[in-house]
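Take a look at the structure set out below.
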Protein chains: 2
Amino acid sequence: MADVNFVPRPVVAPAAARVGPADSAAPLPDLDFELIELMFFAYRDFVAEPDQTLAAIGFGRAHHRVLHFVNRQPGLRVTDLLETLRITKQSLGRVLKQLIDDGYVEQTPGAVDRRERLLAPTEKGRRLALDLAGRQHARLEAALADLPAEGRDHVRGFLSRMIDPAPRAGLVALDPAEES
Amino acid sequence: MADVNFVPRPVVAPAAARVGPADSAAPLPDLDFELIELMFFAYRDFVAEPDQTLAAIGFGRAHHRVLHFVNRQPGLRVTDLLETLRITKQSLGRVLKQLIDDGYVEQTPGAVDRRERLLAPTEKGRRLALDLAGRQHARLEAALADLPAEGRDHVRGFLSRMIDPAPRAGLVALDPAEES
DNA sequence: CCAGATAAGTCAATATGGCTGACGTAAATT
DNA sequence: AATTTACGTCAGCCATATTGACTTATCTGG
């Protein structure tokens with residue numbers, strides 16, 4: 001067990017067999033390199049399919065992320081999106097403009113605060129977002145299919161705990177020296 | 001259950017509460033958006049820490065990947081690395097050159113095939129690779145800590161099955177029409 | 001032994017998606 | 001009335017990826 005389905009790399013040959021003296025016998029620390037690599041390969045293949053679909057219509061991964069969250073939370077503000085994605089206004093501006101110009105996302109002024117531009121997917125945008133999400137969902141489902149019921153919760157819990165807690169917006173300003 | 005530790009987004013307000021008419025009641029297909037987002041946030045935070053360390057010495061994520069696999073399989077060839085990372089020779093070239101120039105990676109001509117340049121980390125390279133891997137390992141361990149013994153296997157199996165099978169190098173040339 | 005394949009490196013151009021810094025404008029808040 | 005906030009935009013920089021073309025050294029099969 002432990003390397004259940006591990007196929008990613010070419011694994012051409014033991015590699016170390018090609019070097020002569022490089023067998024430096026330094027006791028490698030007990031790190032789970034394999035799990036680290038699983039994260040890398042899993043994420044890479046997780047986004048590969050959407051990437052292809054997007055490339056065909058002149059979009060990239062950045063457009064996907066924006067469209068995804070706009071579709072998930074219609075009516076969200078630009079600022080919300082910036083915080084969610086943790087990118088700058090300028091970076092967002094570029095891709096958002098394209099999404100709007102190409103008719104995937106709509107902007108409407110906020111009803112209560114008219115400075116806000118609330119974002120929502122158009123029907124076209126919703127279709128694309130759901131198409132992309134559908135592929136990713138299918139892949140996730142396939143990977144979860146063999147697991148027992150608790151397995152799904154384990155995976156979900158694991159991923160949740162890999163996430164840094166959201167930076168508490170207001171409360172950070174306190175200088176530790178000020179504590180006295 | 002199901003949203004065990006889900007904290008990522010700012011979640012400023014229900015969002016839909018700000019739009020008036022946008023409640024288009026279209027029956028959203030039954031996709032696990034939350035899990036899709038967990039993948040996104042988990043991976044983002046998984047690489048964030050290494051990214052910071054690397055930025056301090058003028059390296060980026062690309063250097064991390066190269067150094068990681070060189071450290072993992074000392075003596076591997078440039079070609080192996082290209083296949084593992086699925087990038088082009090030119091992309092690799094730039095990054096690899098920097099790693100060599102800065103003394104993190106060494107090249108030695110293959111003993112049997114002298115065209116090959118076998119890659120191995122220097123002591124300095126090994127230290128950096130292990131430092132980065134150590135942080136990622138710690139984060140993974142923390143996320144796995146709460147799980148029961150089988151939980152770890154579930155996570156591992158899930159990630160493994162998220163990976164596309166390696167393209168069988170030689171066997172692809174067969175045109176289906178040629179089958180007859 | 002030589003022709004051709006292979007391993008690696010390199011030059012040049014291009015695209016994407018991040019970033020900083022500096023401004024501008026409209027609307028809300030104090 | 002002054003300030004802050006939400007958003008947009010111009011300009012430039014950097015990292016990382018791409019394609020295409022070419023060179024050099026070396027290995028391998030006929």
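We name chains A, B, ... by the order of the sequence lines, and we start the count at 1 in each one.
Each of A/G58 and A/I87 was assigned the nucleotide of DNA chain C with the nearest heavy atom; the assignment lying further toward the 5' end belongs to A/G58.
Remark: B/Y104 pairs with B/F59 by the ring-ring contact (aromatic ring centres under 6.0 Å, His included) rule, at least two apart or across chains. When the side-chain hydrogen bond (donor to acceptor under 3.5 Å, both in side chains) test is applied to B/Q98, the partners found at least two apart in sequence or on another chain are B/H63.
Whole-Å rounding puts the B/L54 CG to D/dT16 P distance at 9 Å. To the nearest angstrom, P of D/dT16 lies 13 Å from NE2 of B/H64. Rounded to whole angstrom, the span from the CZ atom of A/F59 across to the P atom of C/dG17 amounts to 10 Å. Taking atom CZ of B/R65 as the reference point, atom P of D/dA15 lies 15 Å away to the nearest angstrom. B/L118 has its CG atom 14 Å from the C1' atom of D/dT26, to the nearest Å. For the pair B/R61 CZ and C/dG17 P, the interatomic distance rounds to 14 Å; values are reported in whole Å. Here the P atom of nucleotide C/dA7 and the CG atom of B/L119 are 14 Å apart, to the nearest Å.
If you check C/dG17, C/dA8, D/dC7 against the side chain of A/H63, the one that comes closest is C/dG17. With distances taken from any side-chain atom of B/T79 to the nucleotides D/dC7, D/dT16, C/dA8, the minimum falls on C/dA8.
An OP1 or OP2 oxygen of D/dA21 is reached within less than 4.0 angstrom by no side-chain nitrogen or oxygen of B/Q90. An OP1 or OP2 oxygen of C/dG9 is reached within less than 4.0 angstrom by a side-chain nitrogen or oxygen of B/R117.
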Could you write out DNA chain C as dot-bracket? Rules: Watson-Crick or G-U wobble, both distances under 3.5 Å, brackets [ ] for crossings, | for pairs with another strand, dot for unpaired. ||||||||||||||||||||||||||||||
For residues 38-46 of chain A, dump all side-chain donor-acceptor pairs below 3.5 Å to protein atoms at least two apart in sequence or in another chain.
{"from": "A/R44", "atom 1": "NH2", "to": "B/T84", "atom 2": "O", "distance (Å)": "2.7"}
{"from": "A/D45", "atom 1": "OD2", "to": "B/D164", "atom 2": "N", "distance (Å)": "2.7"}

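Tested against B/D32, the residues A/H137, A/R156, A/R152 include a single side chain to side chain donor-acceptor pair (under 3.5 Å) partner, A/R156.
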Across nucleotides 23-30 of chain C, 5' to 3', mark each nucleotide with B, S or - according to how protein heavy atoms within less than 4.0 Å reach it. ----BS--
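A salt bridge does not link B/R127 to B/D131: none of the charged nitrogens lies less than 4.0 Å from a carboxylate oxygen.
Non-hydrogen atoms lying under 4.0 Å from DNA chain C are contributed by A/S91, A/R94, all within residues 91-103 of chain A.
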